[in-house]
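Counting starts at 1 for both ligands and their atoms, in listed order.
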Amino acid sequence: MQITGDMLIGGRAVRGTEKPLTAFNPATGEAIPAPAFGSGTAADVDAACKLAAAAFDAYRTLPLDERAEFLERIADGIAALGDALTERAHAETGLPKARLEGERGRTVGQLKLFAQEVRQGLWLTPTLDSALPDRKPLPRAELRLQKVALGPVAVFGASNFPLAFSVAGGDTAAALAAGCPVVVKAHGAHLGTSEMVGRVIQQAVKDMGLPEGVFSLIVGAGRSVGEALVAHPAIKAVGFTGSRAGGTALMRIAANRPEPIPVYAEMSSINPVFLLPGALGSRSAAIAQGFVDSLVLGAGQFCTNPGLAIGIEGPALDEFAQAAAQALGVKPAQTMLTAGIHAAYEEGARRLGDTVGVSALAQGQPASGPNQAFAALFVTDAKTFLAQPTLEDEVFGPASTLVRCKDEAELLAVAEHFAGQLTATIQMDRDDVPTAMRLVPILERKAGRLLVNGFPTGVEVAHAMVHGGPFPATSDSRATSVGTSAMERFLRPVCYQDFPAELLPQALADGNPLGLWRRKDGEFVKG
Ligand code: NAP
């Protein structure tokens, strides 16, 4: 597939007339040869959003099988791009090819899982309450409920998942599955990869005979395109993964519109790992190795990267610290996604090291090329951690801090101190159950996913996954951005009261023509 540097607005390829953007290879620090990518204008955003609005009714009422087939075609089209896609993504992101092949598998698998979900129809939550004409003192009307799509969704591609959380990634798949047209703002860190995937979606729209506005891909230099997209009246929800500053800026724009809309922003999390004494007593070296491996995975550029370990002082914690220092010391430096992300990491790691009461425990192998991050482990005590709010800031990259607590009470105080997190992990043995029983109720208030004896990186795409959590981990703790429940962000309930049969949607029709599981007078039935 030839990359042209065009935006994809509905069925057209459109050359952006604003400042051209160049793709960069972070591993070499050099520009990738032409084409340059023309940035869009507010007029381009307007064109894409108006097409999305025009496509909405036809797309959301498509038979479920056809909507599912559309998602499967996108999945097959991405798989068919073969090595050309992973090679381009490798050149643009510096991520290893094996990682990108895995990520492509996840992207394809996630689209297919959403296709299954669309067909199954549970997300419609069809609910029927019979009329009660003889109820006293007042009769009850007949009520039927189903969920409907919200409307066109703006998706901001994430820098750290060029495939699985970008143009055809989790947010796009969930929105399309829910029946929402999508306008994607490509992330500037992988513009060629974005165009390749965007062209697959554009082709699938055409092949299925869908209205062209079901999908558009916009390129933007500076903030104006993203701001115009979130402010556009046709857009009814936003999916975003990135910085806290970016996510909160978009939340403000969305809240200040004449019609405010939800922003589902996944922003910053430091994913604490609690090292309970029994577990450290029996396997401190193994836990240290697992922790360091999770910390440096993908140069630490995961939202679930373990940025903090917390333990109670004693010989077992000393052994953990020593083993973690050894494991980290041999880890090679790795290329980060962009020069900006690399600079922000170096600054964050320097800030951690310069904090009074924090000292360096270990450093990985030094950088040997441009934009390479060395791993870093710091240590502090609970008193310092509790007194210094900046120690809770996300440092995006392979840096983490070990917090030493005097006793269990201090460890629980550290847990209580946290702001919202995507994950919280407990390393524990049977002896640790009483402490864990005191810790879990605190962590349930803080995080979207609680793990025992694992490490937080590696987010399964499944029905029971929650990739979310209270602010600042996300902008809305009621939602997940990974897994099939992610569709719920782009749906809303509608109740049909005393509707004649001819006007009822099929999911709620008498005789259950779609064969769905439905809630009828409180009972779940397939009838
Ligand atoms: P970012 O700076 O937040 O940018 C993400 C996307 O949002 C880009 O398309 C960007 O557009 C747009 N954007 C940001 N601020 C905006 C604003 N005020 N108005 C309109 N659009 C805006 O994130 P990034 O480029 O991926 O990485 C920067 C930092 O984000 C990292 O160093 C890291 O700290 C954090 N990050 C965190 C996670 C996580 O999962 N926790 C993931 C990725 C990044 P432009 O590129 O045109 O500015």
Side-chain angles (χ1 to χ4, degrees), residues 16 18-19 21-24 26 37 39-40 42 45 92-93 95 154-162 164-167 169-171 183-191 194 217-232 235 238-254 256 263-271 297-307 336-349 351 371 373 393-399 419-423 448 456-457 459 467-469 471-475 481-482:
E18 286 294 296
K19 180 179 164 230
L21 294 173
T22 311
F24 270 93
F37 295 78
S39 295
V45 171
E92 289 186 318
T93 63
L95 293 171
V155 170
F156 285 74
S159 60
N160 59 340
F161 279 95
F165 252 81
S166 201
V167 177
D171 284 338
V183 181
V184 176
K185 180 189 176 266
H187 197 286
H190 50 263
L191 293 166
S194 296
L217 176 66
I218 308 277
V219 172
R223 301 283 145 92
S224 56
V225 158
E227 288 168 359
L229 188 54
V230 176
H232 198 283
I235 295 296
V238 179
F240 169 93
T241 299
S243 66
R244 183 165 168 178
T248 49
L250 301 186
M251 285 162 69
R252 276 192 295 275
I253 296 169
N256 289 327
V263 174
Y264 297 103
E266 199 236 285
M267 297 172 287
S268 76
S269 179
I270 55 170
N271 307 297
L297 194 69
Q301 300 168 116
F302 289 114
C303 29
T304 50
N305 180 253
M336 296 197 88
L337 293 158
T338 66
I341 287 176
H342 177 247
Y345 171 69
E346 292 215 317
E347 168 57 26
R351 203 179 53 241
N371 302 312
D393 292 346
E394 180 186 54
V395 175
F396 193 65
Q421 303 291 337
L422 293 171
T423 71
T457 43
V459 183
H467 191 62
F471 187 86
T474 78
S475 53
S481 58
V482 177

One pair per line, please: each N/O atom of ligand 1 matched with every protein N/O atom under 3.5 Å away, atom names first, then the distance to 0.1 Å.
from	atom 1	to	atom 2	distance (Å)
ligand 1	3 (O)	S243	N	2.8
ligand 1	3 (O)	S243	OG	2.6
ligand 1	9 (O)	K185	NZ	2.8
ligand 1	11 (O)	K185	NZ	3.0
ligand 1	25 (O)	H187	NE2	2.9
ligand 1	26 (O)	S159	OG	2.6
ligand 1	26 (O)	H187	NE2	3.3
ligand 1	30 (O)	S243	N	3.3
ligand 1	40 (O)	E266	OE2	3.4
ligand 1	41 (N)	M267	O	2.6
ligand 1	41 (N)	E394	OE2	3.0
ligand 1	47 (O)	K185	NZ	3.1
ligand 1	47 (O)	G222	O	3.0
ligand 1	48 (O)	R223	NE	2.9
ligand 1	48 (O)	R223	NH2	3.2

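Residues meeting the salt bridge (Lys or Arg N to Asp or Glu O under 4.0 Å) test with E347, sequence neighbours left out: R350. Applying the side chain to side chain contact (heavy atoms under 4.5 Å, CB included) criterion to P306, with sequence neighbours excluded, gives V273, F291, S294, L295, P456, T457. For H467, the side chain to side chain contact (heavy atoms under 4.5 Å, CB included) partners two or more places apart in sequence, or in a different chain, are E266, C303, T304, L422, V459, T480, S481, V482.
The side-chain contact (heavy atoms from CB on, under 4.5 Å) test with K185 singles out one residue from V155, L229, V167, and that residue is L229.
Here T338 contributes atom OG1 and H190 contributes atom NE2; the two are 11.5 Å apart, rounded to the nearest 0.5 Å.
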Determine, stepwise, if the pair R244 / F471 fulfils side-chain contact (heavy atoms from CB on, under 4.5 Å). CA-CA 10 Å; R244 183 165 168 178; F471 187 86; 3.7 Å; yes

